[in-house]
Structures are given as C-alpha cells and as structure tokens.
Amino acid sequence: MSNTLSDRYNPQEVETRTYAWWESSGYFKAHDLSTKPPFSIILPPPNVTGFLHLGHALDHTIQDLLIRWKRMSGFNAMWLPGTDHAGIATQSVVEKELKKNEGVTRHQLGRNAFVEKVWDWKHQYGDRIYSQMKKLGDSCDWERSTFTLDEGVSQAVRKVFANLHKKGWIYRGQRLVNWSTPLESAISDLEVEHQQIKGTLFHIDYPLENGSGNLTVATTRPETLLGDTAVCVNPEDERYKHLIGQNVILPLLNKKIKIIADTYVDIQFGSGVVKITPAHDFNDYKIGKTHHLEFINILEKNGTLNENAGPYKGLKVQEARKRVIEDLKNLNLLVKEEPHMQSVGHCSRTGAVVEPFLSEQWFMKMDKLAIPARRVVESGTLRFEPESWTKVYLHWMNIIEDWCISRQLWWGHQIPAWHCQKCAHITVTESGVPQNCSQCGSTDLKQDEDVLDTWFSSALWPFSTMGWPKDTETQKTFYPTSYLVTGHDIIFFWVARMILMGLEFKGDIPFRTVYIHGLVRDSQGRKMSKSLGNSVDPVEMIDKYGADALRFSFLAHLNNGKDFKFSEQRLEGYRNFMNKVWNATRFSLSHLHDFKVPANGTQALPKKSDLSVYDKWILSALKDVEKKVEESLEAERFSDAAQAIYHFVWYQFCDWYIEFTKPLFQGPPSPEREATQLVLAQVLNRIVRLMHPFSPFISEEIYQKLPIRNEACIIDQYPTVAKDYELLECGSEEAAKEVEIVKEVITAIRNIRGENRISPAIQLPVKLIIQDDKSQKILSENKSTLISLARLSDVSIETEGHFAKCAVTPVQFKDLQVKVVIPLEGLVDFNEEIKRIQKTIEKLNKDIFGLNSRLTNEKFVKNADEDVVALDRELLEKSKVQLTQLQEALVRFQ
RNA sequence: AGGGAGUUAGCUCAGUUGGUAGAGCGCCACCCUUACAAGGUGGAUGUCGCAGGUUCGAAUCCUGUACUCCCUACCA
C-alpha cells in the first residue's frame, strides 16, 4: 500500500482494473441454491448489435444500484443479462450493409444465406454492448447471459405458440394490418407513429349512373379510389337521402359502385360523401364488413399498385396519386383542392408512410389474457412505481386489441406452423418438424414463412431466461423477479405482455415491482436523435468523467419517472465530487501512517473517554446519513439517498470533520489522536461502503487502500444503523449540539470577515459574550478550534461587555447563545459594517412583524397547535433581544 | 377527441399529515490557508403559472383557468 496518491483521481485506469478483478473473483455470481434471500432482476435485453446509449446507461445504473445494494445487504442478488435479436432493426441494418458492400438484396441472396449473414453480423458485434455495459460497472451474472434466439428461448417460444394455438388464442386471419412497404411486412399498432402533416383534401366528382349529375366525395388519398367499392352518405343527410341505393360511376376505372348509407359519415365534414375503400382504410374496412362490400386490394407488398389498378399498375403510391389527380383534372372531375392537416401513420423503424394492407396474418387474442393481468395490478400484487403508471396500464388493458404477431421478415423465430400442401390444414408443433399433416396425414408440409414479432419472445423473457419450459432451480429461486426497471416507452410493448405471459404460463407475476424511469433527453428537453445531432455517447462521457460520475449524476437527479434532462456540466460536478472523496482519502491516509490497526478490524470501537467532541459529532452525523440512505433506498427514493451521501461527505465530513482533526494531527501522539485515527478510518470505510452502489469504482479503489477493511467493498456489508449500533452510538446528540454552536460561531466570524472584506491573512481578536455556563464551557473548550478555523489571534470569553466600533453577531443553536464581537477599529470602513448590521436588523424587523401579527391574532392563538404557538413566542422573544443588541451596536458606530 | 403528468431561484429539481420557501449547479466578491483551484470562504436571487374558495394560517386542500409535455385514438 502506498500513501502517495495522485492529487487527482484517475477513473480510467481504476475502472478497467477494478472491473476485471471483480469479474474474475466471481463477485457477480448468484447461486441457484442459497440460504440467502433471493433478489433478482432481469435486464431488459438491448439490441444485440446495438450501441449502449444514454437511456441504457440510466436504466442500468438504477438496476446496478439495486443489485449492489441488495448484494451488500445479504441477498442472493442475481442480475441476468441478455440481448435481443431485434428482428426489424437488425435485419434492416444488415440489409443496408449488404447493399452497400456487396450490392445485393436479401432476396437475391435467399433466406438461408441471408440469415447466415445476420448471424455473422451478430457474432461480430454481439459483444460490443456487453463490453460497454462493463465500462458502466454493470455487475451482471455474465454466465447467465441469454440471447433471444438461443435454443432454450426458442423452445419456450415454440411451446407458448403451440399452447396458445391449441387454445384458439393464436389464430390466423385475413385482416387489414399496418403495412410497412420498405420492410414488406406487417407491423403492430404500437409500431406506428402518427405525425401531423400538411396534406390536401381533394374533392372529386363521381358521376351518377343515371346521368343526373355528380356526387362529390372528399379524400386525402385520391389514388385509393381505384379500390373503391362504394360511396357512403349519412342516412339522415337530406341532400343525399334520395340517392341511397343508386349507383355512381367510379372515375378512371368506369365501374359501377353503390351509394350506401352509414351513420359513420359526418354530415358536416367535406362534402358529406365518403368514398369507401375497404381494403386500404381501417374505417372503410369496418364499413365494408358491415355492408358486405367487395374488398379490392390495389397494392403489391412493395407498395406499388397491382393489376387491380388497371392503367396505374406498377406505379408507386405517390406517383399514382399524381397521375390520378392529373387524369381527374383532364376529365374535369377534380372540383376542389384544399389544404388539410391530417395525421398520418409512419413506420417507427423506417419512417415510411404506413399503408393499411389486407393480408393473411397471425394474431393473438388478448381479451382473456388481460383479465388476470388487470387483476394483479388492481389488487396491488404487482406494483408500478411511480404509481401513476398503474392507470395508464389499466386503461390500455381495458381497450386491448388482438395483437398481430407475424412479421414478413427472415430474422427471428420462424413460426412453428406447417401448412399442408395437400389439404391446407395447419399443423403446429412444440418441437421439431412434424412428419405428417395432423389432418390428412400428408407428408407434403411447408413451414410458415413468417417470423414472430420480436416482442413475442421478449414477452417470455422473465422465465424463458431461467430455463422454462424445463423445471429449473433458477426459476424456483428467482421467479418472480424482484424488480423490472425500464422506461415508460415500452410499458405496452413489453411490460404488459410479460405480465400476460407470466400469469398464463408460470401462473405468477413476472416481477413484483415495475420501476419506471423517464427517458433521457438533452439539456433543453429535446429527444436525443442522430438528425438533431444532440445525442450523447455514454462511453465518451465515461472516458471523460468516469463511470462513477455518470452514475451519480443519474442517481442524484431521478425525479419520479419524469424525463431526465442530461447535462454535461452536471457530470463535471460529480466528477469533482469523486475527486473530493479521493482527496479526503489522501488526507486521511497521510494521517493514518502511524495508525495501529486494531485486531478486530471493522469491529473495532474507540474508547469513549478518548473521543473528542468532533469524533462524537461525526459519528452522530454518520448515523443520521446512514439512516436517511437506508430509508430512501427502501422507499425507492434513490436521488434522496445520493444527495444525502453527497451532502454528508462534502459538507460535513470534508468541510468540517477533517478541518477539526487537523490541529490534533499536527500535535504529538496521544490516546485522543489514536481515537480520532480510528474514527477517521471507520468513517471513511463506511462512507465508501455507503457510496458503493452509487459509485462502485472509486469506492472499491479507496476501500482497498484503507487500513481497516475486509476482502472487498462490493461484498462487504452495506452500512446500516441496526448492524453497527455500537460504533454509531459512540456519537452523541449532545456532542453534535456542541459542535453545531462552534460551527455557528466560526461561520459568524467568517461572515463578518467576508462582508467587511477583511483579508484572510489578518488574524482577528474575538470577544465572545456568553451568559450561560454551558455555552461558556463549550466555547472555552473549543478555543483552539476557533482560532485555527476562523483564523483568530485570540479569543476572550466574557459575560458581558461593551463593544464600541465592533462587529456584533448574535449566534444561537437550540438553548445555547453566544454574542460574537470583533473590534473593527482601524481595519475597515465602518460603512460596510453598518450596512451589514442594518441588513440584519431589517430582516429581524420583518420577522418580528410577522410573528407579532400572528401572536396578536386571537384566532391563531386559540386554534393553532400549542407547540406552534410556543415556538413562535420563543422565536419572537429571541428576535427582540437580538434586535436590541444590534441597534445598540449600530449606535456605537455613530 | 380521450387519458396522464407538469408549472417553485438564471438552469435542473426537492418541498412527506397545511405552520415565516430549500438543495445542487450557475452567478458575484475575496482567497494558491501544508487533502483537494476538479479547491476554500462569504454573498445575492423567488407575487411558488393565474383567479377564486376553505382556514387563524395555503407552494401544500378544493374549484375554475392558462400554458407546456407525454400517451392513446383519429374525419374521409
């Protein structure tokens, strides 16, 4: 051990070394069989080939805090990491790369070859995010790492699919779905983002069949008229009532279509006539179903128009729109164009406009599954934190719709359903490839081409990662998990679906508490995005400020699930804090060089009679902060805990305790000095343990340098008042009170010095006017501290005195009262001091006025709590005394 | 349109059963005082969105209102 530490903390070197040591020592491992109580978290799996972004960093910091805290608190803490194959995202990336590098499309390559390419990609980048997580300090049990396409997970997926299919809760159907044309795949409702855009409302004339005129319809998507199979009016609309049941001629295609009536049509909007395109609009789809209309699909999977579009075949939607408008113009059928704000669905992956598209898809029936999923939250068995998300969750569960689970992609879990080429029957199996069609026995079977929505496998994550469907010890020990920590953006995508599936297949909730945090935004509250150029790379921040600073900045500023505004300046502040702790250690170690390390290590207690009042005070303050941290962590108020630590370490331990100990350390060896050494060593030890879940690296680094310690900070006990009662009881509130009055006096002197601009180089003589014996005793015992911390030439204590041309400040703490008097003759311009006193008087006057008006109010005296009134009375008396003293002092300057 | 959250110091936010408004950062002034200038000491700063109401007393409870944000849905 070397005591010559650098005066700047260097996180980079420490972090890499420390993490490697923790990992190789097996400290992150949890055990399936253990006598310790279990605590478990499943990491929300990031995209396997993705980068760690700031949102992950926040999410992981909270989880690692919980895991480290519980691990240190005697739990069998298990944090299970994993990665997601992220179907669409990964497939798109690889597709793009392929095009760029090899100039081929996936279709040219073929399914098997393409999937192999994606696996190559996964193998190349799959570890990147793990190594980034390690930089952050994530203490995951790495041996349990799982990938969503691992064989075990895939088995779980197939089993769940087969099971729900058998129940009839997974079914196949032709439906209108959200179609992403670049992906050539269906996407779920949740993957559609609505954006307000400026569109145009086109008014188009449809000639009546009988030649008696036109019916004008309004539409924002004129090209869809090619798929129209009716026009619709409101049955109550007097303008059109007589036309219901007649036909109009569909322009361009010159087809006869019917005029139907439905109350869905808003008489006020547009022309009051709606064209009905059942195969390309969700509302029209419903009308088409109720009125038994024909469904004409005019699109190919890639978004070009098909043969049903007649002459427009082969055009893209946008081109077709232009051409249709032109042609309508030429026919004099386009009667009006008006600007119109509309909300258009976009694919959240590609940004392309989503086309409603009629296709054969797999769906999961949700209504039955939702019943228990609602109940467990309503009953409080499963809790959301903050609680307000409960409402959001329940609302969604109440209006839940069937989930389109099939995707026309190649990367993912291929649907375990085989279509009989003979009788078209679908055979679903839990495992392996079926030999025969379960209906006709034919061997001519073809597996469904589609893969499952990525969130399907994610929904099983809490148990599929623990070996389900096998019956494992892991599940027995760790399911249900303790916490799920995630952002509010995926409550529906993921959290809700895990709850549904956990209840259905494990018969129990997947986690007890869902801790929801906000999303990370930039300092102005904007979403971080590549296009804005405001995204921040957490790895870069770690390199610059250290992982501990990053973690601390998250933890100290979490606010009830609200979005988190990231600020680099703040990060700098916590980097400084880490440095402060580092330097406090440097100081401590340099004064512990001759410390006699007690045999019983961290259990060592100082001899009470040797303790200074400062030792007792810091132990008392330590007790308070440990209590506060414990309570805050239990209540999931992580920022309160972080701030309590910050405050204690900087403003109590560093600013005062270390300063208090300096005179003693400059003096000769003594029992008192030894006692202080022990206290210093103990307090520092407890500080780093307290800090460890928040800032693990620096804590471990310092811990390893301490004279009193055990094997490793990461597995040492988390400090709690209950566990180390004896040490903390060495502190006393009485001592704390004494130190407080000393601090107040020092502050008062510094205040006088500062306000009067008296150079710190000048040592001041101070008179303390004290009436009561207790205060007198305390201050005379702490004279030398006053002299050194307030830079005094002398302190005299008197019971009363005159103070002509002196600065005067009354000081009090609880029942202790002192008047601080400093002669200023020849030192300063009295005007400054007069101003200072006047300011204090002004404030006192204001206070006294307020107190007086309250206390003379009969109703207040009658109705308010007794102690409130008594407190006010006391305050008023004290304030009055102070006021008189200051007024007297002021007079003496004249 | 429906639902949710918010509005407190220049910024980011605390403020737990109503009892004279707090923190961090930033800002200003003075200091290289032998752990730390990534530091020390001191200082300034608020009609608690607005308007009512309940109360002796409201940032806190009630009603209304303005604005911001998010989610869900969506008129062709």
Side-chain angles (χ1 to χ4, degrees), chain A residues 5 7-9 189-190 194 201-202 217-221 224 232 264-266 268-277 281-284 340 342-343 345 386 388-389 391-392 395-396 399 488-489 491-492 518-519 523 525 545 549 556-567 569-570 572-591 635 637 639-640 643 646-647 654-655 658-659 662 666 747 750-761 788-791 846-847 849-851 854 857-865 867-869 871-872 875:
Chain A
L5 273 52
D7 65 354
R8 288 216 175 160
Y9 173 60
D189 295 344
L190 290 173
H194 292 273
L201 191 60
F202 299 94
V217 303
T219 180
T220 53
R221 294 191 299 156
T224 59
C232 189
Y264 150 74
V265 177
D266 179 355
Q268 308 298 324
F269 189 88
S271 60
V273 187
V274 182
K275 58 191 271 313
I276 303 298
T277 323
D281 182 281
F282 288 98
N283 289 305
D284 295 6
H340 179 68
Q342 62 183 140
S343 123
S388 58
W389 291 106
K391 273 188 199 164
V392 178
H395 180 251
W396 189 71
I399 57 162
H488 55 68
D489 52 337
I491 291 180
F492 305 140
L519 310 180
S523 57
Y545 301 102
H557 293 276
L558 286 172
N559 52 349
N560 295 323
K562 278 173 267 180
D563 284 351
F564 183 95
K565 288 191 185 114
F566 180 82
S567 140
Q569 195 180 41
R570 194 148 65 195
E572 204 180 309
Y574 290 106
R575 188 265 321 259
N576 295 353
F577 174 63
M578 298 308 155
N579 195 49
K580 186 78 181 171
V581 177
W582 182 252
N583 275 296
T585 306
R586 239 158 48 89
F587 170 87
S588 305
L589 293 180
S590 73
H591 291 103
R637 305 205 38 132
S639 56
D640 284 0
Q643 284 169 19
Y646 183 94
H647 189 270
C654 292
D655 284 356
I658 284 186
E659 295 304 324
K662 279 179 182 173
Q666 275 150 18
T747 304
R750 286 170 174 170
N751 178 302
I752 292 167
R753 194 191 283 274
E755 290 285 277
N756 285 297
R757 313 256 160 88
I758 302 170
S759 158
S788 72
L789 295 200
R791 309 188 139 248
K846 222 167 118 191
D847 290 354
F849 179 80
L851 287 165
R854 261 210 293 180
N857 181 339
E858 274 177 42
K859 284 181 179 170
F860 170 71
V861 179
K862 210 171 79 187
N863 294 327
D865 284 352
D867 40 338
V868 172
V869 178
L871 211 72
D872 277 3
L875 207 58

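Below, chain A is the first sequence line, B the second, and so on; all start at residue 1.
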Enquirer: Using modelled atom types only, decide if a donor and an acceptor are shared between the side chain of A/R854 and the backbone of A/D872 within a distance under 3.5 Å.
Expert: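 No.
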Enquirer: Between B/G52 and B/C69, how far apart are the two P atoms, rounded to whole Å?
Expert: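 Pairwise P distance, B/G52 against B/C69, rounds to 28 Å.
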Enquirer: Give me the ring orientation class for A/W582 and A/Y9: parallel if the planes are under 30° apart, tilted from 30 to 60°, perpendicular past 60°.
Expert: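 The arrangement is tilted - the two ring planes meet at 30° to 60°.
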Enquirer: Using purine N1 to pyrimidine N3 plus N6-O4 or O6-N4 for Watson-Crick, or N1-O2 and O6-N3 for G-U wobble, both under 3.5 Å, which nucleotide pairs with B/G39?
Expert: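 Its partner is B/C31.
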Enquirer: Please measure how far the C1' atom in B/U20 lies from the corresponding atom in B/C67, and state the result in whole Å.
Expert: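 B/U20 and B/C67 have their C1' atoms separated by 30 Å.
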Enquirer: Within the structure shown, what part of the strands sits under 4.0 Å from A/I658 by heavy-atom distance: base, sugar-phosphate, or nothing?
Expert: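 The residue A/I658 makes base contact.
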Enquirer: Return the orientation label for the A/H591 and A/F587 ring planes: parallel under 30°, perpendicular over 60°, tilted otherwise.
Expert: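 If you compare the ring of A/H591 with that of A/F587, the planes turn out tilted.
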Enquirer: Step by step, would you call A/R586 with A/N583 a side chain to side chain donor-acceptor pair (under 3.5 Å)?
Expert: CA-CA 5 Å; A/R586 239 158 48 89; A/N583 275 296; 2.8 Å; yes
Enquirer: Reading RNA chain B from 5' onward, which residue's closest nucleotide shows up sooner: A/N857 or A/A584?
Expert: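 Checking each residue's closest nucleotide, the 5'-ward one belongs to A/A584.
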Enquirer: Given B/A38, B/A76, B/G42, which nucleotide is nearest the side-chain atoms of A/N579?
Expert: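 Among the listed nucleotides, the one closest to the side chain of A/N579 is B/A38.
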Enquirer: Let me have a per-nucleotide readout for nucleotides 17-28 of chain B, 5' to 3', with B, S or -, counting only protein heavy atoms under 4.0 Å.
Expert: --BB---SSS--
Enquirer: Report the base-pairing partner of B/G6 (Watson-Crick or G-U wobble, both distances below 3.5 angstrom), or none.
Expert: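 Paired with B/G6, as far as the under-3.5 Å criterion goes, is B/C67.
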Enquirer: Over all heavy atoms of both residues, which pair between A/S271 and A/V217 is shortest? Give the atoms and the distance, please.
Expert: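 It is OG-CA, 3.6 Å.
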Enquirer: Considering only the C1' atoms, how many Å lie between B/G22 and B/A44, rounded to the nearest integer?
Expert: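 These two C1' atoms come out 16 Å apart once rounded.
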Enquirer: Give the nucleotide from the list B/A76, B/A14, B/U72 with an atom nearest to the side chain of A/Y264.
Expert: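 Given the options B/A76, B/A14, B/U72, the side chain of A/Y264 is closest to B/A76.
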Enquirer: Please determine, for the side chain of A/N559, which listed nucleotide (B/A14, B/A76, B/C56) has the closest atom?
Expert: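 Looking only at side-chain atoms, A/N559 lies closest to B/A14.
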Enquirer: Within 45° of the axis and under 6.0 Å from the centre of the six-membered ring of A/Y545, does NZ or CZ of A/R575 qualify?
Expert: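 Not satisfied by the 6.0 Å and 45° rule.
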Enquirer: When you get a sec, tell me which of B/U33, B/A76, B/A35 is the closest nucleotide to the side chain of A/K580?
Expert: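 The closest nucleotide is B/A35.
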Enquirer: Now, which nucleotide makes the Watson-Crick or G-U wobble pair with B/A14, with each of the two distances under 3.5 Å?
Expert: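 Paired with B/A14, as far as the under-3.5 Å criterion goes, is no nucleotide at all.
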Enquirer: Taking atom P in both B/A59 and B/G19, what distance in whole Å separates the two?
Expert: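 Comparing P positions in B/A59 and B/G19 gives a spacing of 10 Å.
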Enquirer: Side chain of A/R750, heavy atoms from C-beta onward: which of B/G42, B/C70, B/C13 has the nearest atom to it?
Expert: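 In terms of side-chain proximity for A/R750, the closest of B/G42, B/C70, B/C13 is B/G42.
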Enquirer: Could you tell me how far B/U34 sits from B/G40 if I compare only their P atoms? Round to whole Å.
Expert: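 Roughly 14 Å separates the two P atoms.
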Enquirer: Assign each of A/D655 and A/Q666 to its nearest nucleotide of RNA chain B by heavy atoms, then name whichever residue's nucleotide is nearer the 5' end.
Expert: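 Residue closer to the 5' terminus by nearest nucleotide: A/Q666.
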Enquirer: Of the options B/A14, B/A38, B/U33, whose atoms approach the side-chain atoms of A/K562 most closely?
Expert: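 From the listed options, B/A14 comes nearest.
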Enquirer: How many angstroms lie between SG in A/C654 and NZ in A/K580, if you round to the nearest 0.5 Å?
Expert: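 Separation between the atoms: 5.0 Å.
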Enquirer: For B/U20, give the paired nucleotide (Watson-Crick: N1-N3 plus N6-O4 or O6-N4; G-U: N1-O2 and O6-N3; both under 3.5 Å), or none.
Expert: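 Check on B/U20: unpaired, no WC or wobble geometry under 3.5 Å.
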Enquirer: For B/A44, give the paired nucleotide (Watson-Crick: N1-N3 plus N6-O4 or O6-N4; G-U: N1-O2 and O6-N3; both under 3.5 Å), or none.
Expert: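 Looking at the geometry, B/A44 pairs with no nucleotide.
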Enquirer: Can you tell me the Watson-Crick or wobble partner of B/G26, both distances under 3.5 angstrom?
Expert: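 None - no nucleotide pairs with B/G26, as no candidate has both distances under 3.5 Å.
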Enquirer: For the P atoms, the ones on B/U7 and on B/C13, what distance do you get once it is rounded to whole angstrom?
Expert: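 Comparing P positions in B/U7 and B/C13 gives a spacing of 10 Å.
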Enquirer: Please check if any side-chain donor atom of A/T277 sits under 3.5 Å from a side-chain acceptor atom of A/K275, or the reverse.
Expert: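 Checked: A/T277/A/K275 side chains pair up, N/O donor to acceptor below 3.5 Å.
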Enquirer: Quick one: which of B/A76, B/C36, B/A38 gets closest to the side chain of A/E659?
Expert: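 The listed nucleotide nearest to A/E659's side chain is B/C36.
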Enquirer: Does the side chain of A/K859 get closer than 4.0 angstrom to OP1 or OP2 of B/G57 through an N or O atom?
Expert: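 Looking at the OP1 and OP2 atoms of B/G57, neither is under 4.0 Å from any side-chain N or O of A/K859.
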Enquirer: Given atom CE of A/M578 and atom C1' of B/G39, what is their separation to the nearest angstrom?
Expert: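 Result: 17 Å.
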Enquirer: Tell me which nucleotide among B/A5, B/A35, B/A76 gets nearest to the side chain of A/L201.
Expert: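 That would be B/A76.
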Enquirer: Does B/C75 have a Watson-Crick or wobble partner in any strand here, with both distances under 3.5 angstrom, and which is it?
Expert: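 B/C75 is unpaired by these criteria.
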Enquirer: Ignoring backbone atoms, establish whether A/N583 has a side-chain N or O less than 4.0 Å from OP1 or OP2 of B/A38.
Expert: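 Indeed not, no polar side-chain atom of A/N583 lies that close.
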Enquirer: For the C1' atoms, the ones on B/A1 and on B/U60, what distance do you get once it is rounded to whole angstrom?
Expert: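 One C1' to the other, the span is 33 Å.
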Enquirer: If you check every side-chain atom of A/T220, which of B/A76, B/A14, B/A38 has the closest atom?
Expert: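 Selected nucleotide (nearest to the side chain): B/A76.
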Enquirer: A/D489 near the nucleic acid: base, sugar-phosphate alone, or nothing, with a heavy-atom cut-off under 4.0 Å?
Expert: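 A/D489: no heavy atom of the nucleic acid under 4.0 Å.
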Enquirer: Rounded to whole angstrom units, what separation is found between the NE2 atom of A/H395 and the P atom of B/G2?
Expert: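 The answer, rounded to whole Å, is 12 Å.
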Enquirer: Please measure how far the P atom in B/G42 lies from the corresponding atom in B/G53, and state the result in whole Å.
Expert: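 After rounding to an integer number of Å, I get 44 Å for this pair.
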Enquirer: Considering Watson-Crick and G-U wobble pairs with both distances under 3.5 Å, what does B/U54 pair with?
Expert: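 Checking every strand shown, B/U54 finds no partner, since no pair has both distances under 3.5 Å.
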Enquirer: With a 3.5 Å cut-off and heavy atoms only, can you find an N or O donor on one side and an acceptor on the other between the side chain of A/K862 and the base of B/C56?
Expert: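 Side chain to base: no pair present.
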Enquirer: Below 4.0 angstrom from OP1 or OP2 of B/A38, is there any side-chain N or O of A/R8?
Expert: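 Yes, such a contact exists.
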Enquirer: For a quick test of reading the model: is some side-chain N or O of A/R221 closer than 4.0 Å to OP1 or OP2 of B/C75?
Expert: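 For B/C75, OP1/OP2 do not have a side-chain N/O of A/R221 under 4.0 Å.
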Enquirer: Considering only side-chain heavy atoms of A/N576, which listed nucleotide, B/C74, B/C13, B/A38, is closest?
Expert: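 So the nucleotide nearest the side chain must be B/A38.
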Enquirer: Which value, rounded to the nearest 0.5 Å, describes the distance between A/H395 atom NE2 and A/F492 atom CZ?
Expert: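 One gets 8.5 Å once the value is rounded to the nearest 0.5 Å.
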Enquirer: Would you say the side-chain atoms of A/N560 pair up with the backbone N or O of A/K562, donor to acceptor, closer than 3.5 Å?
Expert: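 Side chain of A/N560 to backbone of A/K562: no pair is present.
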